[in-house]
Each structure stands twice: as structure tokens, then as C-alpha cells.
Amino acid sequence: MTKEKLLLLDGNSLAYRAFFALPLLTNEGGIHTNAVYGFTTMLQKILEEEKPTKMLVAFDAGKTTFRHESFQEYKGGRQKTPPELSEQFPYLRKLIDAYQIKRYELEMYEADDIIGTLAKSAEKEDFDVVIVSGDKDLTQLASNRINVYITRKGMTDIEHYTPSHIEEKYGLTPNQIIDMKGLMGDTSDNIPGVPGVGEKTAIKLLKEYGTVENLYDQIEGMKASKMKEKLVANEEQAKLSKQLATINTDAPITITLNDLAYPGPNEEEVLNVWQELSFKSLIEKSEFQSQVHETKEISFSIIDEVSTDLLKDQMAVHVELENDHYHTCKVLGIGLSNGESNLFVPFDVAAKSEPLRLWLEDATKEKYLSDSKVAQAAIQRYGIFIEGVSFDLLLSSYIVNPAISGEDVAVLANEFGYRDVQSNEVIYGKGAKWAVPSIEVLAEHVARKALAVWTLKPTLEDKLSENEQYNLYKELELPLASILGKMESEGIRVNISTLEKMGQELTEKLVVIEKEIYELAGEKFNINSPKQLGVILFEKLELPVIKKTKTGYSTAADVLEKLESEHDIVKHILLYRQLAKLNSTYIEGLTKEVHPEDSKVHTTFQQALTSTGRLSSTNPNLQNIPIRLEEGRKIRQAFVPSHQGWVLFSADYSQIELRVLAHMSNDENLVDAFKQGMDIHTRTAMDVFHVPADEVTSDMRRAAKAVNFGIVYGISDYGLSQNLNITRKEAGQFIDKYLQSFPGVKEYMDTIVQDAKLKGFVTTILNRRRYLPDISSSNFNLRSFAERTAMNTPIQGSAADIIKKAMIDMDARLKKEGLKSKLLLQVHDELILEAPKEEIEILERIVPEVMENAIELAVPLKVDFSYGDTWYEAK
DNA sequence: CGACTCACG
DNA sequence: ACGTACGTGAGTCGT
């Protein structure tokens with residue numbers, strides 16, 4: 001017999017929480033759904049994690065409760081439930097019924113009391129009990145057997161109030177939560193408490209006196225103070241408040257534990273309710289609904305010899321690969337579709353077919369691809385160079401909405417309402433069960449993908465035109481895909497023996513430091529485990545705890561730096577961390593990625609991933625090779641040109657994001673600074689600190705630089721204070737001064753947030769979009785985050801637009817000049833090329849020229865460059 | 001598989 | 001009062 005576990009949900013409180021935490025969604029019939037949606041996502045998560053055997057959702061019944069008998073104003077002054085929420089309760093009840101969860105309400109009692117009563121009786125029966133609510137009042141019920149979960153932020157972020165968590169957070173026992181409420185009151189329930197006593201004071205008093213009653217028994221001994229007067233004057237009120245806050249664990253409920261058995265959801269019913277509420281995302285990823293959805297039948301043929309008449313002037317082409325390592329993996333076959341005939345060409349047939357190769361390489365034949373970069377890069381390994389790409393599903397989806405995720409054609413197709421294609425997971429399975437299916441199944445799957453791409457082209461192109469994004473897609477992202485494919489295929493040469501030598505040195509150093517650390521700690525432990533390290537530092541060595549994480553002590557570098565003076569071990573740990581990172585990520589990790597045939601690494605640039613329009617780089621990530629610290633920077637010595645007598649040539653934009661900001665805000669002062677070619681951080685320091693240029697100290701410049709970063713990130717006083725290690729107030733003053741000096745920036749920031757609220761999205765210089773669904777959220781955190789994003793994305797995204805345009809221009813220019821030099825990497829504001837020495841001179845001329853003229857702004861763009869025998873020397 | 005840490009722009 | 005800087009990817013630990 002498995003152990004009984006009772007899950008008790010506070011229906012009203014969770015519905016309220018969800019309603020205010022999420023933006024106002026509506027279903028197709030115009031009914032608001034956000035509270036039910038939030039409740040559902042929370043419920044799904046909790047069911048998954050807790051697997052209860054018994055369940056109940058408790059609701060409040062009616063307006064008056066037994067608490068009103070002793071205090072009429074209880075919950076007085078509360079805003080009426082908004083109609084947008086009221087209308088959702090019938091659906092919520094329907095949903096709970098579909099899950100086959102019991103619900104219960106009781107005249108004169110609140111949901112809290114039902115929960116308290118059942119929790120205590122279940123505890124006596126030795127059940128494990130979990131209570132979920134949005135209301136911290138329930139935490140008074142916590143015990144060894146009873147866990148109280150309180151939802152935070154969204155709805156799926158849940159804080160677990162165990163007695164030890166409460167002890168950590170407040171220094172109180174669960175029972176004392178009631179006393180705390182009694183003293184501090186609760187505005188939302190209109191519980192008065194003692195005026196002038198807040199959380200801090202209440203906790204302090206309870207630590208000394210234990211309970212409200214005890215406090216008043218001993219109050220005569222308390223030394224005279226304002227606070228004592230207040231306590232004395234409000235004794236009655238404090239005791240009443242405590243009584244009001246106390247959950248009744250002996251309510252006259254007519255339901256017993258035996259009635260609460262939870263058999264699991266009626267899946268069909270749940271899906272029906274979801275359908276009614278238009279919970280599309282839930283329906284799609286639902287485990288109830290088998291992922292193998294019905295698809296309409298299609299006809300398809302497996303081709304064993306490609307004849308020219310099969311190949312039309314326009315066709316969707318889908319290159320099916322074994323996995324996403326397309327620089328190495330097997331190609332399974334090619335799907336072709338023109339909406340009428342759907343074909344599958346197994347790759348052994350395709351690779352030998354001269355007609356197919358000629359057709360693929362014929363630029364006048366239009367090809368529609370799901371992911372043109374992957375297809376081109378994979379096929380070119382077999383000497384086939386796809387030309388005439390005129391549609392790319394992945395890129396067009398990404399431009400329409402960068403939040404749309406996934407390279408799986410089925411996932412993308414579903415986003416746009418096309419369902420006649422299965423997901424890869426359904427066809428291949430996942431994890432250990434992964435396998436290539438029979439040729440018939442594979443052929444149909446690939447043919448369906450091609451048909452999906454064919455069918456979706458007009459849909460996507462219409463959306464792009466509607467949003468005035470067709471140019472961005474067709475003239476920027478699409479041609480860029482081919483360039484990135486070439487860069488990836490070209491790869492960059494890595495000198496393995498350089499890495500090996502560094503690795504040996506690092507390992508030797510690490511052994512020494514490790515020994516030192518164990519000695520200072522007095523024992524051996526795993527330094528790589530933050531958990532074990534935390535125990536050593538903060539328990540054994542009793543260093544002060546500066547910051548905590550969800551799961552324990554923070555041992556992050558900024559924390560350790562503050563502890564350096566406290567104990568010698570700290571600096572050793574910092575050094576160990578630094579070297580261990582270099583060794584595991586950049587020596588060992590990078591070495592694994594080097595292809596033995598050519599001694600090169602071939603990264604993958606993700607072109608449809610980031611929300612801002614930047615690229616990202618994986619397998620390996622070549623956009624985060626160390627540079628800031630010298631020890632790490634040496635890693636760059638291992639990156640070399642692929643030919644004798646060549647160099648690596650690097651060119652980077654100077655302050656591109658601040659220049660973009662100057663352009664978009666049109667702030668006179670900022671524009672002027674750039675036009676005059678000033679050092680922007682020094683100029684900022686002059687304005688913020690009101691000093692002439694020659695009186696700007698390095699600290700002032702450093703602070704100004706941090707402010708400039710802050711501005712770009714969507715500033716907050718707190719963030720800046722953390723970064724500069726100053727008080728929030730000082731940080732706030734810096735920001736105020738900055739905004740006074742650059743009023744255009746302030747206006748721009750205000751406007752962009754307003755604009756985002758109005759339209760629901762922000763845009764970049766080339767009209768890239770990012771939707772911000774949380775921008776009008778009533779949840780402070782979500783809304784603030786969206787506001788910062790609204791400020792940052794146009795800046796970061798426009799900078800991405802500019803360098804992407806520069807890459808296209810650069811590719812064309814290198815070709816036009818007939819150069820051998822090649823683009824190898826892009827690192828957000830920097831391009832890395834390799835070049836024969838004799839071309840250096842011309843690159844010095846054309847690279848800055850191309851980059852600086854990629855897009856014309858209200859301020860000049862400035863490019864610095866350098867070259868050398870390794871990436872390290874090209875600095 | 002999530003949390004933490006740390007590398008980059 | 002709320003709790004944070006923006007955007008990424010990889011290695012490691014521990015459930």
C-alpha cells in the first residue's frame with residue numbers, strides 16, 4: 001500500500017493570484033480565462049510533482065463567516081471581485097470536476113478553515129499533506145507532515161513553507177505566524193493589528209516573548225517607549241487580530257478524508273474544457289492527447305530514380321537528417337513537394353542522381369526549405385550546392401515572432417494552424433528509444449514535411465508583408481543563412497597541441513590549489529559542488545552569509561569577492577574556479593569539438609533562437625571564448641589561420657549599442673558626443689559628476705561606464721547599485737543625473753515603454769519585432785521585466801541588424817574584390833576573418849568601410865581592427 | 001533535468 | 001512594497 005498523500009488547494013486564493021499574476025487572456029468567445037489558465041498550469045505542475053492519492057479544492061462560501069461575529073469589519077473595504085474574474089469561477093469548477101477532484105465549501109467558514117481542519121485530521125492519520133495557496137496565512141499550518149506551498153510570480157513558481165523554511169525566513173515557528181499577524185495586522189483582510197507595528201517589529205517582539213499572550217503578561221517589564229504605549233493601548237485589538245488570523249482546525253465539515261480519493265483526471269473532459277477555453281498551448285503539449293494526432297491522408301511516392309519531369313520550377317525541398325549535428329551526421333533523404341506530388345528520395349539515390357544535383361544547383365528553380373542553412377550545409381558535404389532558395393520556414397517564422405521555438409517542422413507548422421505533419425518525436429521516439437523507422441514511415445514523414453513547407457509559404461509571406469517585415473526576412477535573414485552556412489562549413493583551425501600544453505599546466509596548478517584548499521578547510525570535499533562548498537564556508541568556517549539562493553548559500557564570485565578579507569581559503573577558491581572553468585570548458589570541451597580530419601571546429605550559429613535578433617553559437621560556443629582575464633585570453637592563442645602565410649583579422653564596432661541609442665533617441669547631447677568622437681564614458685562622467693574632462697578620475701569613468709550599461713539594459717537603481725557596490729540611493733542619484741544630462745534618452749525610454757503597452761511589441765531599426773505579453777501585467781515583476789526588455793531589445797536588436805547587414809555586404813564585397821579572405825566568426829559586435837598576408841592591406845581599407853556603412857545612423861559608426869598569427873594576437 | 005556558476009557581447 | 005540589471009551556452013552537481 002502506498003503512503004497516502006492529501007493535496008489541499010485554496011480555490012479562491014489561487015484564482016485571485018492567477019488573475020492578478022497573468023495578463024487578461026480571453027478565449028474565442030470573449031470570456032476571460034487567465035485565472036483558470038494560471039490555476040491549470042499550477043495544477044498540472046503540482047500533480048506531476050506530488051502525485052497525491054487524495055485531493056480537495058476548498059472555496060469560500062458566501063460573504064459572512066463566523067469571524068464577522070467577533071469583528072464586523074473583517075475583510076471590510078475589500079474591492080468587489082472584478083467581473084472579469086467572477087465570470088471565470090463557473091469554468092474553474094467545471095475544470096476541477098473534469099479532473100475528478102472534490103471541491104467543497106461551507107457556510108460561515110472560509111476555505112482556510114476547511115483546509116486547516118482536513119489537514120490536521122489527515123496528519124493524525126499519518127498522511128502526508130500538501131497545501132497550496134496564494135495566501136501566506138496558511139503557513140501557520142506547516143508541520144513535519146504538512147507542507148504549505150505558496151505560489152509566487154507566475155503561477156508555477158512555488159515557495160515551499162516547511163517549518164524550517166519559516167524558521168529561516170522569519171525566525172519563527174509556524175504557530176507564531178498567527179501571533180505575527182495579530183501584531184502587524186493584515187490590510188487585505190482588514191485585520192487591524194497594532195498600529196505602527198510591521199513585520200520587522202512583530203518578529204522582534206515574538207523572538208523575545210514567543211506569543212501575543214505572553215507579551216501582554218510581561219508587558220509591565222518592558223522598558224518605556226512609544227512602542228510599548230502603542231502595544232498597551234491596543235491590547236484588545238491585538239488579541240482580536242490574532243484570533244481572526246487563526247485558522248479554525250475544527251470546522252464542522254460534513255466531508256471526510258475517505259471522500260477525497262483522487263482517481264486522476266477524466267482526460268477527455270479536461271480536454272473539452274481546455275478546448276472551450278482555447279488553451280491551445282496546453283492542448284498541444286498535453287500528455288493526455290497522444291501526440292500522434294490524426295493527419296489527413298496524403299499520397300506520396302518513394303523514388304528510386306529521379307527523372308527530370310518530377311522536378312518542377314517551384315518545389316518545397318526538405319533535407320531530412322539523422323540528428324542536428326548537421327556538419328557530421330548522416331542525411332536520410334530528401335522530400336519534395338509541389339502540393340500535388342509528394343516525393344521521398346532516399347539519400348543514397350539522391351547522392352548519385354545527376355538530374356537532381358543539376359536541379360538543386362539551378363538558381364532559376366525556386367526551392368522552399370524548412371531550414372535552408374542546415375540543408376545547404378549538410379548537402380554540400382556531398383558536393384551538392386543548393387541554389388535558388390526562395391523560402392525558409394524557420395526564418396520566416398522567427399521574423400514573424402522570435403518567440404516561436406523549435407526547428408521541428410511539425411512544431412512550426414502547428415504554430416500556424418497546419419496539422420498534417422507529425423513531430424519528430426512521434427516518428428523517431430526519444431532518448432534511448434530513438435530509432436530510424438521503416439522506409440515507408442520515414443518517406444511519408446519527410447514527404448509530409450515538404451508538403452507542410454509548401455503549404456505554409458503563402459501564409460508566412462502574407463504575415464511578413466502585413467507586418468512590413470518581408471524585406472528583413474528576404475534581404476537580410478535569408479541571404480545571411482547561406483553566409484553563416486559557409487562560415488560554419490569553413491570552420492576555424494585550432495592548434496590542439498597548444499591546448500594540450502595549456503591543459504597540462506592548468507592541471508598541475510589545480511592540483512596545488514586543491515591541496516591548499518583542503519588544508520585550509522581541514523578536510524577534503526568537492527570544490528565544484530556549491531552545496532558542499534557552502535557547508536565548508538558558511539557552516540564550518542562560519543563566514544558571513546551575504547546572499548542566498550533558492551536552495552542554499554550563494555557561492556558566486558561576487559559573493560566570494562566580498563569574503564576575500566575574511567579567510568585565506570576564499571582567494572584560493574576563486575582561483576580554483578577560474579582555472580577549473582578554463583580547463584573543463586575551454587581546454588577539454590573545445591578539444592572534444594575539434595574535427596580530426598581538418599583540425600578545425602565547426603560551430604553552429606543559431607539564427608532563429610534569440611528574442612532580440614542576435615545570433616548564438618553552439619557546439620562549440622565560439623562567442624564566449626575568454627578575453628577579460630589574461631589567463632583565459634591565452635586560449636585564443638590556440639585559434640589559428642587554416643593556411644601558412646595567413647592571418648586572423650578581427651574588426652569590432654566601438655560602442656555600437658550606445659550609438660544605436662543615440663540614433664534612436666536622437667538625444668542632442670549623446671549624438672553630439674559621438675559626432676565629436678569623444679570617449680563616451682568620459683563624456684558621461686563629465687555630465688553626471690559636473691566636472692571638466694581633465695578632472696574625470698578613473699573611478700568616475702568606471703561609474704559612468706556602469707551607468708551607460710545600465711541605460712542599455714533598461715536601468716534600475718537596484719541593478720546599478722549591485723554592479724557598482726554602492727547604495728541604492730546613490731545609484732538612483734546617478735541615474736537621475738544621467739537622465740537630466742541626456743533628456744532625449746529619458747524621453748525615448750518613456751516613449752518606448754508606452755508604445756510597447758499600446759502595440760504589445762517593440763521593433764528594431766530594420767523592423768524586427770519582439771512581443772512583450774507581460775508589458776501590461778498587474779504583476780510588478782513581470783511588468784518591470786517586460787519594461788526593461790522594451791528598452792533593451794530595440795537597442796540590442798538594432799545592433800544585431802547592423803552587423804548582419806554588414807556581413808551580407810562583406811560577403812558581397814569580398815567576392816567583388818576577388819579576395820581569398822573569408823568570414824569565419826561573428827561575435828555580436830565583431831567579425832573575424834582569415835586572410836592571406838597579401839590581402840591585409842586591402843582588408844584594412846574595406847572591412848571598416850563596409851562595417852561603418854552597413855546602415856546609416858544619425859551618428860557615425862566606428863570600427864577598430866587588428867590582425868595576427870593567432871586570435872590572441874588579433875586584438 | 002533544474003539549479004548554479006561563469007564565459008562572452 | 002514588490003525584487004532586477006539585457007542577451008546567450010556549457011560544465012557540473014545532485015535529485
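The basis for the numbers below is simple: all heavy atoms, side chains too, and nothing from hydrogens, waters or symmetry mates. Everything numeric in this text was worked out from a predicted model, so none of it was measured. In what follows, chains carry the letters A, B, and so on, assigned in the order in which the sequence lines appear, proteins first and then strands, with residues in each chain numbered from 1.
Per the geometry, CG belonging to A:Asp558 stands 13 Å off C1' belonging to C:dA5, to the nearest Å. Rounded to whole Å, atom C1' of B:dG9 lies 14 Å from atom CG of A:Leu622. Between the NZ atom of A:Lys634 and the P atom of B:dC8 there is a distance of 14 Å, given to the nearest Å. The NE2 atom of A:His828 sits 16 Å away from the P atom of B:dA7 (whole-angstrom rounding). Nucleotide C:dG7 holds its P atom 18 Å from the CD1 atom of A:Ile656, rounded to whole Å. In this structure, A:Leu772 places its CG atom 14 Å from C1' of C:dG7, rounding to the nearest Å. Taking atom OH on A:Tyr718 and atom P on C:dA1, their separation rounds to 16 Å, with Å as the unit. Straight-line distance from the CE atom of A:Met749 to the P atom of C:dA5: 18 Å, rounded to whole Å.
In this structure, the side chains of A:Ile625 and A:Ile627 stay at 4.5 Å or more apart for every pair of heavy atoms. For the pair A:Phe742/A:Tyr748, no side-chain contact is recorded, criterion being any heavy-atom separation below 4.5 Å from C-beta on. The closest side-chain heavy-atom distance from A:Leu831 to A:Ile803 is below 4.5 Å. A heavy-atom distance below 4.5 Å is not found between the side chains of A:Ile832 and A:Leu622. For the pair A:Leu661 and A:Met749, the minimum side-chain heavy-atom distance is below 4.5 Å.
Pairs of Watson-Crick or G-U wobble type, with distances under 3.5 Å, assemble into runs of 3 or more in DNA chain C at these ranges: B:1-9 with C:6-14.
Using a 4.0 Å cut-off, some side-chain N or O of A:Arg788 falls inside it from OP1 or OP2 of C:dC6. Side-chain N/O atoms of A:Arg614 include none lying less than 4.0 angstrom from OP1 or OP2 on C:dC6. Between B:dA7 and A:Arg628, no contact under 4.0 Å exists linking OP1 or OP2 to a side-chain N or O.
The listed nucleotides are C:dG7, B:dA7, B:dG9; the one nearest the side chain of A:Asn792 is C:dG7. Side-chain atoms of A:Ile627 lie closest to B:dG9 of the nucleotides B:dG9, C:dA5, B:dT5.
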Using residues 707-719 of chain A as the side-chain source, report each donor-acceptor pair under 3.5 Å to any protein atom, sequence neighbours left out, with the distance given to one decimal.
| from | atom 1 | to | atom 2 | distance (Å) |
| --- | --- | --- | --- | --- |
| A:Asn708 | ND2 | A:His681 | ND1 | 3.0 |
| A:Asn708 | ND2 | A:Thr684 | OG1 | 3.0 |
| A:Ser716 | OG | A:Gly719 | N | 3.0 |

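Looking at heavy-atom distances under 4.0 Å, A:Ile795 makes no contact with the nucleic acid at all. Contacts of A:Ala790 with the nucleic acid, taken as non-hydrogen atoms under 4.0 Å apart, are absent. Within the 4.0 angstrom heavy-atom criterion, only backbone atoms of the sugar-phosphate kind lie near A:Ala557; the bases stay farther away. A:Val827 comes within contact range of the sugar-phosphate backbone alone, with a heavy-atom separation under 4.0 Å but no base atom that close. Residue A:Thr551 is in sugar-phosphate contact alone, with no base atom involved, counting any heavy-atom pair closer than 4.0 Å across all strands shown. Looking at heavy-atom distances under 4.0 Å, A:Leu582 makes no contact with the nucleic acid at all.
One P atom belongs to C:dT4, the other to B:dT5, and the distance between them is 14 Å to the nearest Å. Here the separation of B:dC8 from C:dG3, taken at their P atoms, is 31 Å to the nearest Å. Nucleotides B:dA7 and C:dC2, compared at atom P, are 32 Å apart to the nearest Å.
Residue side chain A:Gln796 reaches the base of C:dC6 through a donor-acceptor N/O pair under 3.5 Å, judged by distance alone.
Scanning all heavy atoms of the two residues, the minimum distance from A:Leu648 to A:Ala874 falls at O-CB, 3.5 Å.
Take the nearest nucleotide of DNA chain C for A:Thr789 and for A:Arg728: the residue whose nucleotide is more 5' is A:Arg728.
Considering A:Lys373, A:Lys805, A:Lys804 as possible partners of A:Glu477, the one that fulfils the salt bridge (charged side-chain N to carboxylate O under 4.0 Å, His left out) test is A:Lys804.
Defined by atom type and a distance below 3.5 Å, a donor-acceptor pair is present between the side-chain atoms of A:Thr870 and A:Glu873.
Ring geometry, A:Phe639 versus A:Trp871: the interplanar angle exceeds 60°, so the pair is classed perpendicular (tilted spans 30 to 60°).
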**Request:** Could you give me the CA-CA distance, side-chain angles and deciding distance for A:Asp774 and A:Asn779, then say whether side chain to side chain contact (heavy atoms under 4.5 Å, CB included) is met?
**Result:** CA-CA 8 Å; A:Asp774 294 332; A:Asn779 179 309; over 6 Å; no

**Base versus backbone protein contacts along nucleotides 8-15 of chain C [heavy-atom cut-off under 4.0 Å; B, S, -]** = SBSSSSSS

